[in-house]
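Lettering follows sequence order; numbering is per chain, from 1.
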Amino acid sequence: MSHDPSVWVTALLTLAIFSFLWRENPVFRFAEHLLVGVSAGYYVVQYFYSGIVKKLIVPVRQDPGTNWPLIFGGALGILMFARLFRRLSWAARYPVAFYVSSAAGYFIPSVLEANVLKQIGGTVTAPGTAMAAGTLPVVSSALLVLGVIAVLVYFFFSVEHRGPVGSLSRVGILYLMVGFGASFGYTVMGRITLLLGRFQFLLGDWLGLI
Amino acid sequence: MAGEKQGTLLSRLTTVDRRVIYLLMTLVVAWPMFKLVTLPVLISKEVAGFDREIEALTAGDHVIFAFDYEPDVMAELDPMSRAVMDRLFEKDVEVVALTLYPGGAGIAQPVLESAAREHNKVYGEDYVFLGYNPDWSGTMLRLGESIKATYPADQFGRDTRTMPILADCDSYKDVKLLVSICGSQLTEYWAALAGGRYGQKIVSGNTAVQAVFIYPFYQSGQIKGFLGGLKGAAEYETAIERPAFGVRGMGSQTMGHLLILLFVVIGNLGYLAARRAGTGGSGGVTGGGGRA
């Protein structure tokens, strides 16, 4: 059994959270509120230190000649607080406008390329690459292409889903079901791992049984 | 008569108290930990791709290692971080570690320190921890221009301009591989911003929930390999012949999955039995107002 007080605190808080599995109780609520409070405090300190101190105050103090443009960024950030005052709330639109426009500028082309263009490319070139690799990869890539088309047809609502379109759309549903099933299986694995991590801690680090 | 009894029994199984299910789950997940049940682990092509990229690195190469996760998913991702860090130090690769999550700082430090101690690595020469930087998207983009300008100081406030490890490494063009161990969508953004814009080669380790979304990036070649959940960690530990938490956890995983499959089958049989008996069923394992 561990002699480290921090291990004991962690173990008792873990058990307090697990107690919810039996029923809602004050011990669980205490642990839950403690988590929220500690997390909020931790994040405020981290954001203030990493964002304001390290990125604004220190660089401007160290080399004001080079880093003076950071003051404009800081001033824009302060304008966000104008929202708290009714007469000045309009000023908060400027930092939001700056942030939205700059983020849209660098996200739209990059995300479009990564999430759409390259993935279309991957689907189209897959059969060609697979043919060189053997029979099984050819079947696999044919299924991939069929799946992409079938699911796209399923989400195409401008034509009534009857006849060949309806059949293809039903194939699309099958692909979606397989996708949801795989996703559910992965989720179960993830949740069991989290449980496993806690057991490893309770039975190993705390009680020393394993 | 016997059929009716069977129907009643099956339909009663759909209203088992949820606490019984929790207890059973506890037992089947904990039991293999005592019995040390080990199962054969086969290496998938995604993990083989990950391993291939790591093995292609040579001594002195620089790697950016992003600890993009927080304590909530530590159980899934820490085994990956530990295994990969161990292998990188074993190969004398120079590691530039960072995190894009505020909670990542407390996670990265023990992993780095324990691997560095094991392999006698010197901070600032063989590895550096740059810490947390706010604005993840801006950080991903700026690292392509200058690592030292993005992180003028490391996690502990030391000047990065004087660090030997960063003397000949200041942007993606000096970095051979980017490893993103990630509990969210950030891997996809590394692929879009660092991979798409700067051509940075990327491999990743992701939570099981996230792994499903990484397949299209792997299939289109934007991610060269990835580890999905604890299974991915177990496969990588097997690939580098360093069995640890991932491999040990596979017994509990299998038992847990089998129990859930059993519940799904019983729940559905009970539902069908109740429907046949004309009572409508309880709605399966999620129904029954707090009862499963």
Side-chain angles (χ1 to χ4, degrees), chain A residues 18 21-23 39 42-47 49-52 54-55 58-59 62-63 67 102-103 106-107 109-115 117-123 125-126 144 179-180 182-204 209-210, chain B residues 18-19 22-23 25-26 29-30 33-34 36 72-76 78-79 102-103 105-106 131-135 137-138 141 152-153 157 188-189 191-193 195-197 207-213 215-217 219-222 228-231 233 245 248-249 252-253 255-257 260 290:
Chain A
F18 275 168
L21 297 176
W22 183 256
R23 64 162 65 125
S39 303
Y42 178 85
Y43 279 95
V44 167
V45 171
Q46 267 283 11
Y47 282 129
Y49 179 71
S50 313
I52 309 292
K54 271 172 83 175
K55 295 284 163 189
V58 172
Q62 276 177 350
D63 190 359
N67 294 325
S102 58
Y106 61 70
F107 268 123
S110 302
V111 171
L112 189 72
E113 191 190 348
N115 286 8
L117 301 179
K118 282 200 174 164
Q119 295 192 18
I120 291 174
T123 310
T125 55
L144 172 73
F180 294 147
S183 188
F184 176 68
Y186 265 121
T187 305
V188 169
M189 179 165 83
R191 299 300 176 253
I192 291 179
T193 306
L194 299 184
L195 183 65
L196 196 56
R198 285 297 81 198
F199 282 175
Q200 177 86 19
F201 172 78
L202 291 173
L203 300 173
L209 297 175
I210 52 171
Chain B
R18 64 188 163 85
R19 285 169 290 204
Y22 294 147
L23 182 68
M25 182 56 82
T26 303
V29 170
M33 296 170 99
F34 289 100
L36 286 178
D72 55 339
V73 287
M74 252 177 92
E76 276 195 274
D78 244 24
Y132 165 68
N133 206 36
D135 183 15
S137 52
L141 288 169
E188 297 169 33
Y189 288 107
L193 300 176
R197 188 164 289 199
T207 54
V209 172
Q210 204 57 41
V212 187
F213 304 102
Y215 275 97
F217 288 84
Q219 199 268 332
S220 57
Q222 298 179 76
L230 194 69
K231 175 81 166 67
F245 180 74
R248 283 201 304 272
S252 299
Q253 279 286 351
M255 296 299 286
H257 278 248
I260 287 173

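- How far CZ of A:Phe199 is from CE of B:Met33: 8.0 Å, rounded to the nearest 0.5 Å.
- Of the inter-residue distances, the one linking B:Arg197 atom CZ with A:Glu113 atom CD reads 9.5 Å to the nearest 0.5 angstrom.
- Remark: the backbone N or O of A:Val111 is not paired with any side-chain donor or acceptor of B:Tyr189 at under 3.5 angstrom.
- For the pair B:Ala208 and A:Gly190, the tightest heavy-atom approach, listed with the atom from each and the gap, is CB-N, 3.7 Å.
- Heavy-atom distances place both the backbone and the side chain of A:Leu209 under 4.5 Å from chain B.
- Within the 4.5 angstrom heavy-atom criterion, only side-chain atoms of B:Gln222, from C-beta onward, approach chain A.
- Only the side chain of A:Tyr43 comes within contact range of chain B, judged by heavy atoms closer than 4.5 Å.
- For chain B, the nearby part of A:Leu203 is the side chain; its heavy atoms alone come within less than 4.5 Å.
- Under a 3.5 Å cut-off, the side chain of A:Gln119 and the backbone N or O of B:Ser220 do not form any donor-acceptor pair.
- Heavy-atom pairs under 4.5 Å with chain B were tallied for A:Gly204, A:Ser39, A:Ala103, A:Ser110; the largest tally goes to A:Ser110.
- Of the N and O atoms on the side chains of B:Asn133 and A:Lys55, at least one donor lies less than 3.5 Å from an acceptor on the other residue.
- Nearest heavy-atom pair across B:Ala105 and A:Gln46 is CB-NE2, 4.0 Å.
- When heavy atoms are compared at a cutoff of 4.5 Å, A:Arg191 approaches chain B solely by way of its side chain, counted from C-beta outward.
- Atom CE of residue B:Met255 and atom CD1 of residue A:Ile192 lie 11.0 Å apart, to the nearest 0.5 angstrom.
- For the residue pair A:Leu196 and B:Leu230, the shortest heavy atom distance occurs at CD2-CD2, 3.7 Å.
- For A:Gln62, no part sits under 4.5 Å from any heavy atom of chain B, backbone or side chain.
- For B:Pro152, the part sitting under 4.5 Å from any heavy atom of chain A is the side chain, from C-beta outward, and nothing else.
- Contact record, B:Ala75 with A:Gly197: CB-CA, 3.8 Å, taken as the closest heavy-atom pair.
- Contact annotation for B:Ile260: only side-chain heavy atoms (C-beta onward) come within less than 4.5 Å of a heavy atom of chain A.
- Residue A:Phe201: no heavy atom, backbone or side chain, is found under 4.5 Å from chain B.
- Side chain of B:Gln253 to main chain of A:Met189: a donor-acceptor pair is present (N/O by atom type, distance under 3.5 Å, no hydrogens or angles).
- Between the side chain of B:Arg18 and the main chain of A:Leu21, a donor-acceptor pair closer than 3.5 Å is present.
- To the nearest 0.5 Å, the span separating OG1 on A:Thr193 from CZ on B:Phe245 amounts to 7.0 Å.
- Both the backbone and the side chain of A:Lys118 come within contact range of chain B, with heavy atoms under 4.5 Å apart.
- Note on ring orientation: taking the six-membered ring where Trp is involved, the planes of A:Tyr47 and B:Tyr132 are perpendicular (angle over 60°, cut-offs 30° and 60°).
- Put simply, of B:Ala211, B:Gly229, B:Ser137, the one with the most heavy-atom pairs under 4.5 Å next to chain A is B:Ser137.
- More than 12 heavy-atom neighbours from other residues, nucleotides or ligands sit within 6.0 angstrom of CZ on A:Phe107.
- With a threshold of 4.5 angstrom between heavy atoms, B:Phe217 approaches chain A through its backbone and through its side chain.
- Across A:Tyr186, A:Tyr49, A:Phe184, A:Tyr42, the residue that shares the most heavy-atom pairs under 4.5 angstrom with chain B is A:Tyr186.
- Taking chain B as the reference chain and counting heavy-atom pairs below 4.5 Å, the highest number among A:Leu194, A:Leu112, A:Val58, A:Leu202 is found for A:Leu194.
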